[in-house]
Amino acid sequence: MTSEQLSPATVAVTAGRPPAVPNAAFNTPVTFTSTYVASDGATAPGDLGYGRWTNPSWQAFEEALGRLEGGRSLLFGSGMAAVSAALSLVPDGSAVVVPRHAYNGTLGLLGVLADRGRLVPRPVDIADTEQVVAALPGAAMLWVETPTNPLMEVADLPALAAAGRAAGALVVVDNTFATPLLQRPLRAGADVVVHSVTKYLAGHSDVVLGATVTADDALHAALHADRTLHGAVPGPMEAFLALRGLRTLHLRVERAGANAVELARRLSGHPKVLRVRHPSLPDDPGHARAAAQMSGFGAIVSIEVTGGPDGAERLASATRLWVHATSLGGVESSLERRRRHSGEPPTVPENLLRLSVGIEDVEDLWADLAAALDQLE
Ligand SMILES: *Cc1c(COP(=O)(O)O)cnc(C)c1O
């Protein structure tokens, strides 16, 4: 059996370990160092060089994520550092087709880069394939997020990757919500994948990290140069924690996803819930597409509740098990009204709460949520 044939669950557990030789450490140790002893003569391939260039603890995580996504990975100091590095791949003044709804940090950075004349964003409804294709001529990059944060819109990944390539645009996919276990954008034709490793990949709400993955050596080299020269490097301890988290990714994604499917179904029938957004629901606009291109529906569920923004805030502070907090993708269930952030697009409803469903017992999660919902007007 070659390593390519192993299931992703096995890769998540086994990739990025040191060779299993007598007395070797089982796990890649944390390497705290700023520099490495030089080889004789000119720098040789495989030389580590300096602590801003690479680190064995980063490399162990990169090996595992690269195998899961089907490319070469680079770990960054945050998801936004990875987003920023990916956006740096196109020349000054480039048009970039971007989802109108996406992670608000990505939208915020695009706004800053647009104000400076660095990039020209072309906002589109990413679920509307015709609209995206119509915006592509002359664009240097197509940025895809699917499912989108926080509206759970599902883009037609294979169609957009093909259209982007045909138009000569680099196709970048933010795969944070799906993880490589549910969706593999490089296989669907994308050029670069970005991740907020902070979320599902690390999975325990205890590190901030990001990553890029690409199967193209030139793009990998450009991203590596960007990381080295801008200095957005991770700490070795964070890399170790992220790899430790990644070992259970398949179990967490499976359990949290199953919880999300059940909670989305129950929430759909609750009188205080006006709308539920989760692609598992048969009447969700993204259902057919997600069923075709993903191997699960993910564990983010967005709901709109009665009582407007106040109702949503009240719900967030009334739950006891569900933690009122930003961020997502940890083992713990959390929820947040997204419009409390000024950077959130005004088209995101004021009464929308984004639920990050964790791996707790689903009956406990439902009881807590239902009790808080019952308190709404
Ligand atoms: C959180 C997030 C990011 C940014 O990642 P950080 O690790 O917070 O810098 C990017 N994209 C998506 C979809 C996210 O949820």
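Only heavy atoms go into these numbers, but all of them, side chains included; no hydrogens, no water, no symmetry mates. Read the numbers this way: they start at 1 and go in the same order the structure lists the ligands and their atoms.
Contact check for R100 versus Q131: side-chain heavy atoms found under the 4.5 Å cut-off.
Numbered from 1 in the order shown, with element, the atoms of ligand 1 that lie under 4.0 Å from a heavy atom of G79 read 5 (O), 6 (P), 7 (O), 9 (O). Ligand-side atoms of ligand 1 in range of L209: 7 (O), range being under 4.0 angstrom from any heavy atom. Listed by number with element, the atoms of ligand 1 under 4.0 Å from a non-hydrogen atom of N149 are 15 (O).
Of all protein heavy atoms, the one lying nearest to atom 5 (O) of ligand 1 is S196 OG, 2.9 Å. Scanning the protein heavy atoms around atom 10 (C) of ligand 1, the nearest turns out to be Y103 CD2, 3.4 Å. Distance from atom 9 (O) of ligand 1 to its nearest protein heavy atom, with residue and atom name: M80 N, 2.8 Å. Counting protein heavy atoms only, atom 7 (O) of ligand 1 is closest to T198 OG1, 2.6 Å. When only non-hydrogen protein atoms are considered, atom 11 (N) of ligand 1 lies nearest to D174 OD2, 2.7 Å.
When the heavy atoms of K199, E145, H195 are ranked by distance to atom 2 (C) of ligand 1, first place goes to K199.
Any N or O atom pair closer than 3.5 Å counts here, and F177 shares no such pair with ligand 1. Considering backbone and side-chain N/O atoms, T106 never comes within less than 3.5 Å of an N/O atom of ligand 1. By the 3.5 Å distance cut-off applied to N or O atoms, V208 is not counted among the residues near ligand 1.
Classification of the W53-Y50 ring pair by plane angle, with boundaries at 30° and 60°, yields perpendicular.
A donor and an acceptor atom, one from each side chain of S57 and N55, are located under 3.5 Å apart.
Checking M294, R277, E153, H278 one by one against P147, the side chain to side chain contact (heavy atoms under 4.5 Å, CB included) holds for a single residue, M294.
Partners of R265 according to the side-chain hydrogen bond (donor to acceptor under 3.5 Å, both in side chains) rule, which considers only residues two or more places apart in sequence or in another chain, are E262. By the salt bridge (Lys or Arg N to Asp or Glu O under 4.0 Å) test, D174 is found to be paired with no residue, residues two or more places apart in sequence or in another chain being considered.
For Y200 and H195, the distance between ring centers is not under 6.0 angstrom.
Rounding to the nearest 0.5 Å gives a distance of 11.5 Å between CD of E145 and NE2 of H101.
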